[in-house]
Amino acid sequence: MLTNHHTHSLYSDGSSQPEDYILEAIAKGFDILGFSEHSPLPFENKFSFRQENKDEYLVLMQTLKQKYASQILIFSGMEMDYIPAISENFIKIKTEYKLDYLIGSIHLVKPQNCDDLWFTDGPDFETYDLGLNELFGGDIKKAVTAYYHQLNEMIESQQIDVVGHLDKIKMHNRNRFFSEDEHWYTLLVNETLELIQDRDIIVEINTRGIYKQRSETTFPGFSILKLLKALRIPVMVNSDAHKPHELDLSFDQGFLLLKQAGINEVVYFKGNGWGFEPILA
Ligand SMILES: [Zn+2]
Ligand SMILES: [Zn+2]
C-alpha cells in the first residue's frame, strides 16, 4: 500500500492545484493521498492557508474525493501550527474545515515574555541563526528547550493525530551548535516521546529533509526511530510534498531506516480511524 498523508498544494505554500497531486498520485500507484495545508494564522505570512479561501476549498475537497473515489482515497487533513496564545483551538479549525485528521507541527517558536517568533524552518539557516541570537541570546540549549516545550504544550493542550517532523529543530543546526547525543537533548526527546506514548499519537517519518538536501536523514532521525520502536509508538512515512513530483521522494530511505530500527508496520488513515499495514521487504 502506497500512502502520503502530508501534502501542501497552492492553498498553502505548495506549487500546484490539489488535482495535479491527485493525478500524479494515481500515476505513481498511490492508494491514499492526504492533503495537509498549513493551518490559518492570525498574522500576515507567506505559507499558511488564507481564511478567505475556506468555502472554495471545502467544495473542492468534496468534489475531488468523489471524482476520484474509484481510483484513490483522498483525505483532507491539515498541518496545524501551534503557537501559545496565538494559534486557534485545533478542534475548532477541524470542525470548520471538515478535516479528516490533524498533523501538529512547530515551525515558529515563541520565547517566554516575548511576542517575537523564532522561525526555525524554511530554506535558510541565516534566519535560524538570527532568531537564536536575537531571541535566545545565542543559547542553543535554551532555544531548543523552548522548541520541545512548545511541542509538549501542543500535545497536552490540543487534539492531534500525528506529530509532524518531530526533531526538525536539528535541520539548521547541522552539528554546529549541539550534538543530538548530548544528555540534555536526549532528555528533552524522551520527555516528548513519553507524552506521545501516553496519548496514543502517531509520529510521522518525514523524508523532506533528505530530498531537499537539508538533512542527511529523516525527521525524526534513526536514534529516535529506535525509541519509537521500544515505546511501540505507531509511525507513518510522509514526504511533506510541496510539488506533485515530490509525493514519494526518499520513501526508500524512510522505509529502510524503519526496517533497520526494527519497525515492521506503518499506519494509514482509513476514513474512520487508523489502520496498520506491514512494511514489505
Ligand atoms: Zn511542517
Ligand atoms: Zn508540511
Side-chain angles (χ1 to χ4, degrees), residues 3-16 18 20-21 24-25 32-41 45-50 57 75-83 86-88 90 93-94 97 99-110 117-125 127-128 131 144 147-148 150-151 154-155 158 160-173 192 196 201-215 217-221 224 235-251 254 269:
T3 72
N4 182 45
H5 297 76
H6 193 154
T7 312
H8 298 276
S9 80
L10 46 67
Y11 281 92
S12 56
D13 59 348
S15 68
S16 314
D20 296 333
Y21 294 81
E24 180 88 10
I32 289 170
L33 177 62
F35 288 95
S36 59
E37 308 300 350
H38 289 287
S39 57
L41 288 170
N45 70 81
K46 290 195 173 83
F47 63 92
S48 68
F49 193 96
R50 286 163 297 281
Y57 187 73
F75 292 116
S76 176
M78 197 169 261
E79 183 177 17
M80 307 300 294
D81 242 296
Y82 178 71
I83 311 170
I86 294 179
S87 51
E88 277 248 44
F90 286 11
I93 299 264
K94 187 178 184 184
Y97 283 79
L99 299 170
D100 294 307
Y101 60 85
L102 301 182
I103 299 173
S105 300
I106 306 294
H107 306 99
L108 295 148
V109 178
K110 187 177 179 304
L117 300 172
W118 181 32
F119 183 50
T120 60
D121 206 311
D124 308 312
F125 71 87
T127 317
Y128 182 93
V144 171
Y147 169 86
Y148 277 103
Q150 193 169 314
L151 182 55
M154 172 179 71
I155 292 165
Q158 307 294 326
I160 58 167
D161 300 286
V162 183
V163 170
H165 44 66
L166 187 143
D167 67 350
K168 205 171 190 186
I169 196 68
K170 77 186 178 190
M171 179 168 75
H172 290 307
N173 173 51
T192 298
I196 290 170
I201 295 171
I202 300 156
V203 170
E204 75 161 356
I205 312 306
N206 185 306
T207 63
R208 183 165 177 79
I210 302 177
Y211 66 81
K212 293 298 284 183
Q213 298 182 335
R214 291 177 195 153
S215 170
T217 186
T218 46
F219 307 120
I224 297 180
V235 300
M236 57 170 40
V237 177
N238 287 330
S239 66
D240 199 351
H242 287 63
K243 295 175 181 160
H245 82 272
E246 293 176 347
L247 280 173
D248 60 351
L249 289 190
S250 304
F251 269 17
F269 190 70

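This chain uses plain numbering: 1 for the first residue, then up along the sequence. Order of listing sets the numbers, starting from 1, for every ligand and every atom in it.
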Checklist entry - Under the criterion ring pair (Phe, Tyr, Trp, His ring centres under 6.0 Å), which of F90, Y11, F49, Y57 is the partner of Y97? => result F49
Checklist entry - Tell me, which protein N/O/S atoms are under 2.8 Å away from the Zn ion (ligand 2)? => result H6 NE2, H8 NE2, E79 OE1, D240 OD1
Checklist entry - Is the distance between the ring centroids of Y128 and W118 under 6.0 Å? => result yes
Checklist outcome for this item: Applying salt bridge (charged side-chain N to carboxylate O under 4.0 Å, His left out) to D81 and not counting sequence neighbours gives none
Checklist entry - Y101 and H5: aromatic ring centres closer than 6.0 Å? => result yes
Checklist entry - S239 side chain to L249 main-chain N or O, any donor-acceptor pair under 3.5 Å? => result no
Item to check | the Zn ion (ligand 1) - closest N/O/S atom in H107 | outcome: NE2
Next on the checklist: Just checking H6 against H242, ring centres under 6.0 Å apart?
Outcome noted: no
